[in-house]
Amino acid sequence: MGKAKSLKDKLYGAAVLKMSFRLRGDETSPAFRYVYPGVLRDLELDDEKVEQYIEENRESVEKAARGSTPEQGPR
């Protein structure tokens, strides 16, 4: 069994997923509407917290969603 992810790691992952769809204009797509709620459920997060994380870390989240990794990760 792997190490449990921290809340910041969970938020970062969900935020990057959501931003990747947002940047493509696909937040209303069936794929997003199917995948994202499952990710929130599995990570025990809610969309409000993910949106707050995006607002507080927009640059690193957008960079990762575009395919570039942030220099210091999700911390």
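All figures in this text were calculated on a predicted structure; none of them were measured in a lab.
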Spatial distance of atom CD (Gln52) from atom CG (Asn57) [nearest 0.5 Å]: 10.0 Å
Residues Val39, Leu45; criterion side-chain contact (heavy atoms from CB on, under 4.5 Å); working and verdict: CA-CA 8 Å; Val39 168; Leu45 298 173; over 6 Å; no
Arg66 and Glu62 ion-paired at < 4.0 Å: yes
Shortest non-hydrogen separation from Ala15 to Tyr53 and the atoms involved: CB-CD2, 3.8 Å
Sequence-distant partners of Glu44, side chain to side chain donor-acceptor pair (under 3.5 Å), two or more places apart: none
Glu56 side, atom CD; Leu11 side, atom CG - distance, nearest 0.5 Å: 9.5 Å
Atom of Val50, atom of Ala14 and distance for their closest heavy-atom approach: CG2-CB, 3.8 Å
Worked check of side-chain contact (heavy atoms from CB on, under 4.5 Å) between Arg58 and Met19: CA-CA 9 Å; Arg58 182 170 298 279; Met19 185 59 70; 3.6 Å; yes
Could you list the donor-acceptor pairs under 3.5 angstrom formed between side-chain atoms of residues 23-37 and any protein atom two or more places apart in sequence or on another chain?
unit_1, atom_1, unit_2, atom_2, d
Arg24, NE, Asp26, OD2, 3.4
Arg24, NH1, Ser20, O, 3.4
Glu27, OE1, Arg22, NE, 2.9
Glu27, OE2, Arg22, NH2, 3.3
Ser29, OG, Asp26, O, 2.8
Ser29, OG, Phe32, N, 3.1
Arg33, NH1, Thr28, O, 2.7
Tyr36, OH, Asp47, OD1, 2.6

